[in-house]
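If you're wondering where the values come from, they're calculated on a predicted model, not measured in any experiment. First the proteins, then the strands, lettered A, B, ... as listed; each starts at 1.
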2 protein chains.
Amino acid sequence: MSLPLLPPGSNAERSRAYNRGLVLGHVRRAGASGRAEIARASGLSTQAVSNIIGELVAEGWLYEAGRRTGGRGLPAVTYAIDGAAGTAFGIELRPNAVLCALIDLDGRALYTDRVAVSRADPGHVVQLVSQLLDRALSNSRTKVARVLGAGVVMPGPFGKTGLSGFLTELPGWEGLDAQAMFAEALDMAVTVENDANAAAMAERVSGVAAGLSSYAFLYFGTGIGLGLVSGGTIFRGAFGNAGEIGHVPAPFEGGLRPLEEIASRMALTTALRRAGEAAETVTDLDRLFEQRHPAMMAWIEGARPALSHAVHIVENLYDPEAVIMGGALPARLLQHLTETTPLPSVSVSNRADRNRPRLLAGTAGRMTATHGAAALVINQTLTPSLGLAT
Amino acid sequence: MSLPLLPPGSNAERSRAYNRGLVLGHVRRAGASGRAEIARASGLSTQAVSNIIGELVAEGWLYEAGRRTGGRGLPAVTYAIDGAAGTAFGIELRPNAVLCALIDLDGRALYTDRVAVSRADPGHVVQLVSQLLDRALSNSRTKVARVLGAGVVMPGPFGKTGLSGFLTELPGWEGLDAQAMFAEALDMAVTVENDANAAAMAERVSGVAAGLSSYAFLYFGTGIGLGLVSGGTIFRGAFGNAGEIGHVPAPFEGGLRPLEEIASRMALTTALRRAGEAAETVTDLDRLFEQRHPAMMAWIEGARPALSHAVHIVENLYDPEAVIMGGALPARLLQHLTETTPLPSVSVSNRADRNRPRLLAGTAGRMTATHGAAALVINQTLTPSLGLAT
DNA sequence: AGGATTAAGTCAAACCAATTGAGTTATCAA
DNA sequence: TTGATAACTCAATTGGTTTGACTTAATCCT
């Protein structure tokens with residue numbers, strides 16, 4: 001009898017873990033805070049908050065950040081997160097390379113690396129990753145605080161999904177328990193996620209989504225993916241493949257075509273190649289965009305309605321605080337796309353009382369997904385969760 | 001300083017409430033269960049489960065359901081939910097009528113009622129609803145167990161959404177706190193939800209979604225809406241309007257049109273009217289469908305690609321266990337639509353290892369949304385939640 | 001038939017963490 | 001200087017889970 005597993009039962013220890021996350025989460029969002037303030041916001045008693053803060057300070061997560069002046073009574077002693085108190089290791093597996101990054105609680109990269117591989121053979125990769133971790137730990141310039149865990153990014157979709165044979169997959173990994181393999185090799189907690197979700201999380205830990213808890217991230221990888229964060233955690237759907245927007249039909253030249261054949265880096269590269277331009281790297285793309293290369297501008301023109309359509313769907317189906325575009329495109333191009341993509345007027349997101357843009361550019365860079373892999377782990381320790389069933 | 005509220009802190013009492021929900025949730029899904037079995041599934045100790053079961057039996061929620069035979073050691077004493085142990089009151093507000101229902105934990109209707117109103121004036125409606133509750137309580141044939149709360153269904157979208165002026169809204173309620181007004185008038189906990197979400201929940205409490213915890217529900221009301229259940233609870237998005245699929249463009253006669261102008265009851269009625277058929281009620285529609293009326297069949301033909309498109313989007317964006325169609329259409333027509341809507345092959349839901357249909361017809365009926373309103377409350381008491389931040 | 005094994009369940013003590021209420025300290029305001 | 005206000009601490013209490021020893025009842029094996 002394999003019933004879906006219930007969420008884990010709660011006891012005193014799990015309560016404490018949850019409440020610790022609550023305290024950390026508040027300090028992360030609100031900045032340096034006093035005990036009483038956190039108690040009010042969380043519904044906990046001052047005493048409980050006090051005990052937890054004592055523990056967090058003793059363990060190095062929080063440090064005393066001065067007294068709050070100006071008020072009426074006793075000035076509050078405030079505490080802030082020590083960004084250097086912990087780190088997370090991020091790994092991104094691509095068909096031809098393995099990337100990794102070590103980031104701290106503030107999302108700052110302490111170390112990054114990249115190794116080209118001829119084939120993404122599982123056994124080989126796992127061993128390589130283990131070496132990369134050792135290198136990262138010994139070669140970081142600053143002293144590395146405790147490593148909270150590792151995140152691994154692989155191109156989705158996962159499992160048996162009916163999308164087999166599509167270009168977004170990594171050959172040789174079908175049916176393997178990547179999570180267990182990496183956990184074993186690295187000897188730490190490991191989270192496996194697809195690139196779009198990881199990239200989305202990177203923006204939350206340190207990026208344009210810093211203050212957001214529910215948003216969608218349109219990720220330009222090879223194809224196009226959608227990362228979803230709801231209530232501060234990733235929305236995965238029943239089988240872990242929510243956000244597979246690449247195959248959704250979008251308008252193109254009077255007809256409908258899968259979004260990833262229109263608005264993806266692959267589509268862009270193809271269009272440029274047809275025009276006689278081999279653009280292999282982001283730098284190439286950046287140059288062509290700066291030159292306002294006709295083929296580039298034509299691609300943008302063609303992709304615009306499709307992106308608008310995608311934004312429309314995402315807004316009305318998820319009702320997010322914002323939609324973010326990011327990934328493996330030049331920053332200026334992303335910025336341009338967010339500024340010129342028409343925002344559908346018939347959308348639940350077109351609110352009268354908005355005070356935030358509907359469409360944002362990710363702070364990205366080529367390594368968003370790699371950073372995101374690590375960010376997954378950071379976010380877990382800074383966001384309370386008792387684990388709901390899926 | 002209005003920071004987004006943190007989820008409530010956890011303490012012993014909240015833990016108990018959560019664990020009670022866990023136990024009830026297990027018994028709901030798995031049927032009569034013994035202490036040890038629940039303990040294994042929930043991660044709680046047998047003793048904890050034992051204490052909780054003792055409490056639940058004392059309060060009437062569970063009853064002893066015999067011993068489990070056949071096993072090795074001491075046969076387990078099993079417990080099952082007493083469906084009559086609690087009830088919930090559901091209210092549906094329509095522009096021209098107020099519907100209500102009293103249902104028990106198993107989703108059985110103990111009482112239903114319908115009152116035509118000339119205008120949905122808030123003050124008047126609130127008073128009326130209060131009277132309807134009194135009537136329901138005194139007129140039900142069976143004795144009515146404790147009322148756990150009330151659910152109210154109003155056509156969404158809520159708040160200031162940029163969709164003002166659209167037909168899905170209820171005039172006169174803008175800017176009012178319906179939740180507080182009904183809670184005050186009925187003197188009980190009140191949940192307000194849109195029709196699609198409520199209908200979705202009706203299918204989970206007693207319907208085709210009984211065993212599911214993540215699914216999407218395409219709801220045919222006047223327009224068309226999408227109700228979303230994820231992990232056993234409703235997915236609302238950042239502002240409560242997730243699932244507004246009616247305005248999403250869908251293919252129609254070679255072009256793109258908003259889905260609700262193609263595949264909605266309103267669209268169907270309009271098409272029939274053009275063909276000289278005034279179909280006001282579900283019975284009318286049922287008759288025309290049975291006759292295979294040409295206008296009806298033509299509408300179905302036209303709606304099919306749009307519905308397929310909608311299913312495609314929903315599957316790939318939410319990756320649900322199933323998509324359900326239901327609402328204010330004749331059961332036979334719904335059944336026909338689910339059987340003949342082409343299922344997109346390029347979808348994460350087209351899994352090789354599926355053992356459940358991708359598309360299902362709701363067990364529906366005209367009063368799905370009303371029942372759903374009450375089902376919201378039932379589901380809350382039977383599904384554990386510590387309240388995640390939004 | 002009878003002992004060994006297995007599993008469900010109870011009881012009482014220990015334990016963990018949050019709450020409660022009384023008291024302390026530091027700032028502002030009159 | 002004094003009173004009001006607010007943050008915080010201390011110690012006792014409370015609520016709920018876990019732990020470990022024990023009991024009970026079924027099947028399995030000889």
Side-chain angles (χ1 to χ4, degrees), chain A residues 1 6-24 26-27 30 32-59 62 64-79 384 386, chain B residues 1 6-24 26-27 30 32-59 62 64-79 384 386:
Chain A
M1 188 100 184
L6 286 173
S10 179
N11 58 26
E13 274 158 55
R14 293 191 63 85
S15 280
R16 166 57 70 102
Y18 179 79
N19 290 338
R20 275 173 62 127
L22 229 47
V23 171
L24 282 171
H26 181 90
V27 176
S33 317
R35 298 165 166 77
E37 175 193 343
I38 299 172
R40 275 190 304 268
S42 64
L44 293 169
S45 62
T46 340
Q47 189 54 51
V49 172
S50 202
N51 294 339
I52 290 170
I53 286 186
E55 209 177 88
L56 292 172
V57 168
E59 293 174 20
L62 294 181
E64 208 179 305
R67 285 179 173 265
R68 171 109 64 218
T69 130
R72 214 27 153 82
L74 207 176
V77 181
T78 65
Y79 294 85
L386 268 163
Chain B
M1 188 104 184
L6 287 172
S10 178
N11 58 26
E13 276 157 55
R14 293 189 64 84
S15 281
R16 166 57 71 102
Y18 179 79
N19 290 340
R20 276 174 61 126
L22 230 46
V23 171
L24 282 171
H26 181 90
V27 175
S33 318
R35 296 164 226 271
E37 176 194 343
I38 300 173
R40 274 190 305 268
S42 65
L44 292 170
S45 62
T46 339
Q47 189 54 52
V49 172
S50 202
N51 295 339
I52 291 170
I53 285 187
E55 209 176 89
L56 291 172
V57 168
E59 293 174 19
L62 294 181
E64 209 180 304
R67 285 180 174 264
R68 172 108 65 220
T69 132
R72 215 26 154 84
L74 206 177
V77 181
T78 65
Y79 294 84
L386 267 162

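- A straight line from CZ of A:R40 to P of C:dT19 spans 15 Å, rounded to a whole angstrom.
- Note that CG of B:L24 is 5.0 Å distant from CG of B:L56, once rounded to the nearest 0.5 Å.
- Distance, A:R16 CZ to D:dT18 C1': 17 Å, rounded to whole Å.
- Residues passing the salt bridge (Lys or Arg N to Asp or Glu O under 4.0 Å) test with A:R20, sequence neighbours excluded: A:E55, A:E59.
- Counting non-hydrogen atoms under 4.0 angstrom, B:N19 reaches the backbone sugars and phosphates but no base.
- Closest to the side chain of B:Q47, from the set C:dA29, D:dT18, C:dA18, is D:dT18.
- Between the CZ atom of A:R20 and the P atom of C:dA18 there is a distance of 11 Å, rounded to whole Å.
- Each of D:dT9, C:dT5, C:dA8 was ranked by its minimum atom distance to the side chain of B:A36; first place goes to C:dA8.
- Taking atom CG of B:L44 as the reference point, atom P of C:dC16 lies 18 Å away to the nearest angstrom.
- Regarding contacts with the backbone of D:dA26, every side-chain N or O of B:R68 stays at 4.0 angstrom or more from both OP1 and OP2.
- Rounding to whole angstrom units, CD1 of residue B:I38 and C1' of D:dT17 are separated by 16 Å.
- Distance B:I52 CD1 to D:dT17 P: 5 Å, rounded to the nearest Å.
- Proximity note for A:V77 (side chain, C-beta onward) versus D:dT5, D:dC8, C:dA18: the nearest is D:dC8.
- Using a 4.5 Å cut-off on side-chain heavy atoms (C-beta onward), B:S33 and B:H26 make contact.
- Of all nucleotides listed (C:dA18, C:dC16, D:dT9), C:dC16 comes nearest to the side chain of A:A12.
- Toward the 5' end of DNA chain C, the nearer of the two residues B:R35 and A:A48, judged by each one's closest nucleotide, is B:R35.
- Nucleotide D:dT24 holds its P atom 10 Å from the CG atom of B:L74, rounded to whole Å.
- Between A:V77 and A:E64, the closest side-chain pair of non-hydrogen atoms falls below 4.5 Å.
- Contact between the side-chain N/O atoms of B:N11 and the OP1/OP2 oxygens of C:dA17 is not found at any separation under 4.0 Å.
- Closest to the B:A76 side chain, of the nucleotides C:dA18, C:dA8, C:dA7, is C:dA8.
- At whole-Å resolution of the value, CZ in A:R67 and P in C:dT25 are 13 Å apart.
- The A:R72 side chain lies nearest to C:dC28 when the options are C:dT19, C:dC28, D:dT17.
- Residue contacts for B:S50: at a heavy-atom cut-off of 4.0 Å it reaches the sugar-phosphate backbone alone, with no base atom in range.
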Practice item. Evaluate the side-chain hydrogen bond (donor to acceptor under 3.5 Å, both in side chains) criterion for residues B:R68 and B:T78: first the C-alpha distance (whole Å), next the side-chain angles of each, then the deciding distance (0.1 Å), finally the verdict. Key: CA-CA 7 Å; B:R68 172 108 65 220; B:T78 65; 5.6 Å; no
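- Ranking D:dT9, C:dT10, C:dT27 by closeness to the A:T46 side chain, first place goes to D:dT9.
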